[in-house]
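Quick notes on the structure that follows.
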Amino acid sequence: MNPSLLILAIVASLFSVSLFAYDEAQADKLSEDTTQQSTSTARIYVDKKDPYLMIKTVATKTFKRFADEHQAIQVNPNILKNIVREELMPYINYKYSAFKVIGKHLKKTTAQERKDFVPVFRDYLVTSYAQVFTLYDNQPVEFAPAKNFSDKKIVAVNTRVIMQGRDNIDVSFKVRKNRKTNEWKAFDMVAEGVSLLDSKQAELGGVIRQKGLPYVTELLKKKSERDIVFKTKSVKNKSG
């Protein structure tokens, strides 16, 4: 598998972990909460003041959506975009990530260009993650114990993806604290030392420099509008 595709696949794994990676007591609590609700869109409280618990809870919610809507997804894979948009994006600081991707070219862009870029980058992430979810194969994920984060602005939620018949993959999910709200949101994922955000910055930075941010905005807009499709393992994935 292409390394960049593997990294994205790990993102899908992180957000779609099975419940035995979750603390037993917390899992039972969430199970009780969800059974009291009658629909698959049951609301589960996500504690954004605790970065470790937030990642675990979001993972549980997303996994439930996959289970509840599995048949519909097989018929209409674009439903995966809805799941990503509704279950993941509220906990991803896509604006911060978008500005990091622009990076050193930020001063060469206008306020309007940046304003136009951010929502398109968000839609691009939605489509990218949704396409990767078609590769998800129920890999279990182990979470490292939570650490004291009271004096931290950025923490790494360390995990390990358990791979059948292959070496396990160490993954660190980077989460950043909003100084005004004291709430945490994810902004990057590092798999085996490779940062997804750095990879996107390297991929798009040269294009921004050569052709400008508006060009990249239009480029990502077209990519974000692509339909989600299930592909066999023998077919090379051309998305993203």
Side-chain angles (χ1 to χ4, degrees), residues 7-8 10-34 36-37 42-65 83-104 106 118 121-122 125-126 129 139-162 168-201:
I7 292 174
L8 284 174
I10 295 168
V11 173
S13 298
L14 276 172
F15 281 119
S16 304
V17 293
S18 56
L19 293 184
F20 28 97
Y22 198 72
D23 287 309
E24 228 174 79
Q26 292 169 333
D28 291 343
K29 174 71 166 57
L30 287 175
S31 178
E32 291 173 5
D33 291 344
T34 54
Q36 292 174 1
Q37 305 291 334
R43 292 190 178 277
I44 299 176
Y45 173 71
V46 177
D47 184 2
K48 289 188 284 187
K49 301 291 180 67
D50 183 330
Y52 297 95
L53 184 57
M54 181 189 74
I55 293 295
K56 291 180 180 180
T57 309
V58 170
T60 303
K61 292 179 63 189
T62 305
F63 183 79
K64 187 178 187 305
R65 285 288 300 272
I83 295 176
V84 171
R85 191 178 294 111
E86 295 166 10
E87 305 297 348
L88 304 189
M89 297 312 293
Y91 312 101
I92 295 179
N93 192 340
Y94 58 87
K95 182 176 181 179
Y96 180 78
S97 298
F99 274 59
K100 291 284 285 184
V101 166
I102 298 172
K104 62 183 180 181
L106 193 67
V118 169
F121 184 75
R122 176 185 184 276
L125 288 179
V126 168
Y129 291 159
Q139 300 95 333
V141 176
E142 295 178 350
F143 288 88
K147 298 180 180 180
N148 188 332
F149 57 88
S150 59
D151 60 342
K152 305 292 185 181
K153 295 181 180 178
I154 292 178
V155 301
V157 180
N158 295 322
T159 69
R160 175 164 292 172
V161 183
I162 309 303
N168 296 330
I169 302 173
D170 290 326
V171 178
S172 182
F173 204 64
K174 300 179 74 172
V175 192
R176 182 173 181 267
K177 184 179 182 179
N178 184 307
R179 290 178 295 180
K180 294 181 179 179
T181 65
N182 290 326
E183 293 183 341
W184 296 80
K185 285 190 176 183
F187 70 92
D188 191 18
M189 189 276 296
V190 180
E192 296 295 334
V194 180
S195 161
L196 179 63
L197 189 57
D198 288 349
S199 298
K200 287 300 174 185
Q201 188 178 45

Discussion item. Could you check whether any side-chain N or O of D188 sits under 3.5 Å from a backbone N or O of L197, counting only pairs where one atom can act as donor and the other as acceptor?
Written reply: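 Answer holds: yes.
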Worksheet item: Just by modelled atom types, is the F187 backbone N or O under 3.5 Å from a matching donor or acceptor in the S97 side chain?
Response: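 It does hold such a pair.
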Discussion item. For F99, give me all partners under ring-ring contact (aromatic ring centres under 6.0 Å, His included), at least two apart in sequence or on another chain.
Written reply: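 In terms of ring-ring contact (aromatic ring centres under 6.0 Å, His included), with neighbours along the sequence ignored, F99 is linked to no residue.
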Note, [X] side chain near [Y] side chain (heavy atom, < 4.5 Å):
X	Y	answer
R65	E86	yes
V126	M89	yes
K147	Y52	yes
I102	F121	no
T159	F173	no

Minimum heavy-atom separation for [X] and [Y], please, with both atom names.
X	Y	result
V171	A191	CG2-CB, 4.3 Å
S172	N158	OG-OD1, 3.1 Å
G103	Q201	CA-NE2, 3.6 Å
K49	T181	CE-O, 3.3 Å

Response to the item:
Residue pairs meeting salt bridge (Lys or Arg N to Asp or Glu O under 4.0 Å), one or both in residues 169-179, sequence neighbours left out, come to R160-D170
Worksheet item: What distance separates T57 OG1 from K61 NZ, expressed to the nearest 0.5 Å?
Response: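 Between T57 OG1 and K61 NZ, I get 8.5 Å after rounding to 0.5 Å.
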Worksheet item: Hey, what do you get for CG (N182) to NZ (K48), rounding to the nearest 0.5 Å?
Response: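 N182 CG to K48 NZ: 12.5 Å, rounded to 0.5 Å.
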Worksheet item: Within 45 degrees of the axis of the six-membered ring of F143 and under 6.0 Å from its centre: does K56 put its NZ or CZ there?
Response: yes
Worksheet item: Pick from V175, D50, N178: which one makes a side chain to side chain contact (heavy atoms under 4.5 Å, CB included) with W184?
Response: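 Testing W184 for a side chain to side chain contact (heavy atoms under 4.5 Å, CB included) against V175, D50, N178 leaves exactly one candidate, V175.
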Discussion item. For a side chain to side chain contact (heavy atoms under 4.5 Å, CB included) check, start with the C-alpha distance between K185 and M54, then their side-chain angles and the critical distance, and finish with the verdict.
Written reply: CA-CA 9 Å; K185 285 190 176 183; M54 181 189 74; 5.5 Å; no
